[in-house]
Amino acid sequence: MKPLMIGIAGGTGSGKSTFTDRLKEMFGEDIAVLYHDNYYRSNDGVPMEKRREINYDHPDSLETELLVEHLIKLRSGTAVMSPVYDFSQHNRTTETIRVEPKKIIIVEGILVLADQRLRDLFDIRIFVEADADERILRRAMRDLKERGRDIEDIMRQYLATVKPMHYMFVEPSKAKADFVINGGMNPVSLDIVAAKIRERLALEEN
């Protein structure tokens, strides 16, 4: 059976990961998730000072061609080795994560609906939106706790790249979505998307 491929996009801190995790809880072992963030390009040989200045919110910062290649392999039933990114070092690690083919493949990231190559692979396209103030607060808390950054660095990056790239690339991709949902905790949205997933899986099985 061909896997059902779902793209989940939305601004930074919008609730994409929360929504993805809730779908994982519902469908369990039938779901595999690939995170676009893990496909940031390698910065081997680039000094740390220069790494900090890279615009990580621009599509060119991501090796999307590798993600597309991995999705095509998963769709054909072949496992892939996803890269792992270390945000504290602004670089890929030497580790990889083996991703097995599953009935449902979710791809999550702020720019996954901004790229035509990815959109063409998705059976369901979801955009998670949230108030801008909520998004920046959530991002700041995540970067402080999980990515080893200080508040000055977070605000500098937000004003220099995150905010302008959101309005240039992320927000316009909302028009490409099949579902636009308000935050990751919306139970009605979750039920609607889950029902659509079950419907599509049933069609594939018949």
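On a predicted model such as this, the values are computed, not experimentally measured, just so you know.
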- [ ] Measure the CD-CD1 distance between Glu129 and Ile181 for me, rounded to the nearest 0.5 Å.
- [x] 9.0 Å
- [ ] Name the orientation class of the two ring planes belonging to Tyr40 and Tyr56 (parallel below 30°, tilted from 30 to 60°, perpendicular beyond 60°).
- [x] perpendicular
- [ ] State whether the number of non-hydrogen atoms from other residues, nucleotides or ligands found under 6.0 Å of Met81 atom CE is greater than 12.
- [x] yes
Open item on the list: Would you say that Lys103 contacts Glu29 through its side chain, given a criterion of any heavy-atom pair below 4.5 Å between the two side chains?
Closed with: no
Task: Distance (rounded to the nearest 0.5 Å) between Asp21 CG and Ile106 CD1 - done: 9.0 Å
- [ ] Without swapping roles, check the side chain of Asn38 against the backbone of Val84 for a donor-acceptor pair under 3.5 Å.
- [x] no
Open item on the list: Would you say that Arg198 contacts Met26 through its side chain, given a criterion of any heavy-atom pair below 4.5 Å between the two side chains?
Closed with: yes
Task: Residues Glu25, Arg22: salt bridge by 4.0 Å N-O rule - done: no
Open item on the list: Do His36 and Leu118 make a side-chain contact, defined as non-hydrogen atoms from C-beta onward lying under 4.5 Å apart?
Closed with: yes
Open item on the list: Working to the nearest 0.5 angstrom, can you tell me the gap between Met5 CE and Leu121 CG?
Closed with: 6.5 Å
Open item on the list: Regarding Arg117 and Glu69, does a basic nitrogen lie under 4.0 Å from an acidic carboxylate oxygen?
Closed with: no
Task: Asp30 vs Lys102 side-chain heavy atoms within contact, under 4.5 Å - done: no
- [ ] Starting from the C-alpha separation in whole Å, work towards a yes-or-no answer on side-chain contact (heavy atoms from CB on, under 4.5 Å) for Asp60 and Arg41.
- [x] CA-CA 9 Å; Asp60 289 347; Arg41 297 186 185 279; 5.6 Å; no
TODO: May I ask you to test the Asn91-Asp44 pair for a side-chain heavy-atom distance under 4.5 Å?
DONE: yes
TODO: Would you sort out whether Phe127 and Lys176 count as a side-chain contact (heavy atoms from CB on, under 4.5 Å), showing the intermediate values?
DONE: CA-CA 9 Å; Phe127 189 94; Lys176 308 295 184 180; over 6 Å; no
TODO: Could you tell me whether the side chain of Pro3 reaches within less than 4.5 Å of the side chain of Arg75, counting heavy atoms only?
DONE: yes
Open item on the list: Let me confirm one number: the NE2-OH distance from His90 to Tyr85, rounded to the nearest 0.5 Å.
Closed with: 7.0 Å
- [ ] Answer yes or no: is there a side-chain heavy-atom contact under 4.5 Å between Glu63 and Arg92?
- [x] yes
TODO: Check whether any side-chain heavy atom of Phe122 lies under 4.5 Å from a side-chain heavy atom of Val107, and answer yes or no.
DONE: yes
Open item on the list: Tell me whether the count of non-hydrogen atoms from other residues, nucleotides or ligands lying under 6.0 Å of CD in Gln116 goes above 12.
Closed with: yes
